[in-house]
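Here is the structure we will look at, set down as C-alpha cells.
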Amino acid sequence: MKKFYPKRLLIEKEALKYPLGKKLEKKFLDDELSVEYIKSHNRVGPEEQMSPLQLFNWAKETLVVGVKKTLNFKSCQPSADYRLVTTTSCPGKCEYCYLSTNLGSAVYPRIYVNIKEILKAVKKHIRKGRGEIVTFEASSSSDPLAVEHLTDSLRQTIEYFATQPKGRLRVVTKFGFVDNLLDVNHQGRTKFRFSINPEYIIKNFEHGTSSLAERIAAAAKIQKADYPLGFIIAPLIMYPEWKEGYEELLTTLKDKLDNPQDQRLSFELIQYRFSTRAKRLIEARFPNTKLKLNKEDYHHKGFGKYVYPKDQEEELKSFMEERIKENFPQAEIEYFV
Ligand code: SF4
C-alpha cells in the first residue's frame, strides 16, 4: 500500500523551532500543499460546517504537527508501565478503532516534533523504576509506523532504548513499513507486535491499513532482524466462516515466518467489543458497515460495553488457544479478553 500523504498540513508556530517541524514545513511547501499555521494542535477543525462523516474524512486527510507539552507519561497497564506518545491517531480508518472513538472529532493524525525532549522524559521515567525494568508502549495513542516515513521518530526511539539497559519499548502496528527499522541497533529492547486478522476482516473493516500479506512479510523481516516479535489478534470476530478464517491465518503465519518456533513469540487475543458511544460513531461514520452492532445479541459487561455472550466467548477462546498451541507450541498466549 502507499504511504500516507496528507491533503493539508496544519502546523503549530512553536513546532517551527524544531528541526522536524522545519523539515515538514519545507517538504509540504515545496510540494505546494496547503500549509496553515495554528496556535494549538488540540483545537483543530474545518471552517465550514460538516456532517460527522465529512468531518471524519476531513480529519483523516489532515496532518497536524505540534509540540508535546505533557511530558509526564500516563500509566499504560496492563500492556506496559507508561505510554510513550510521539504521535496521536493515524491515517487509517479501522471501523472499530478505539482511538477513533475516544478522540471524537480530534482523530486527525498528529506528529510531535520535540522527540529529544520526549526521550529525555523517558530517562526520567526509567529512573523512577529504581533499577527495575520499566516498559513503555509506543502505540497506545497511535500507530507510529503509519507516519514513520515523515518523522523517523520510531527509529530514534528504538536507538535510544538500545542505550537504556533498564528500558523496554513495545510497539503495535497494522502497517508493514518496517524497512527503515531493520538495520537499527535495537539490543533486543524493542518488541514489535503485529495486529493481524483474516483478510476478510482487514478488507471489510480496516480501511487504509496494510494488507495481511504485507503485515506478515513485515513481521518476518522484523524477526529476521532479531527483534522480539508477537501478534495481537484483535478484534476476534465470529463472522460466518470465522473458524476457517482464523485457521488459515495461523497456518499462513507459520509458513511465512522463518522461525515459527522462536521462544520469544507471543499472542494477545482480544474479542470483538463495542460501547454505546462506539456504536453511535461507527454508524455515523460507516453507514454501510457490516459490523454487527445489535446490543441484544451481545453480553452487556456494564458501563455500556458489549462483548460476545458467555458460551460464544468460551468457544472462541478455546478454538483460538488450541489452534495457536498446535501451530506455535513454543509461543506464549499472554491473555484473552
Ligand atoms: S491502524 Fe490502529 S490507530 Fe490506525 S485507525 Fe486502525 S486501529 Fe486505529
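The figures that follow rest on heavy atoms only: side chains count, while hydrogens, waters and symmetry mates do not. Numbering of ligands and ligand atoms starts at 1, following listing order.
Remark: Lys290 fails to qualify as a cation-pi partner of Phe205 under the 6.0 Å distance and 45° angle criteria applied to the six-membered ring.
In the hydrophobic clustering, where aliphatic and aromatic side chains (Ile, Leu, Val, Met, Phe, Trp, Tyr) are joined below 4.5 Å either directly or transitively, Ile133 stands alone.
Partners of Lys301 by salt bridge (charged side-chain N to carboxylate O under 4.0 Å, His left out), not counting sequence neighbours: none found. Glu326 is linked by a salt bridge (charged side-chain N to carboxylate O under 4.0 Å, His left out) to Arg323, counting only residues two or more places apart in sequence or in another chain.
Paired with Lys174 under the rule side chain to side chain contact (heavy atoms under 4.5 Å, CB included), one option of Cys90, Cys94, Ser139 passes, and it is Cys94.
Atoms of the protein (N, O or S only) found under 2.8 Å from atom 4 (Fe) of ligand 1 are Cys90 SG.
Proximity of a side-chain donor or acceptor of Arg168 to a complementary backbone N or O of Pro165 within less than 3.5 Å is detected.
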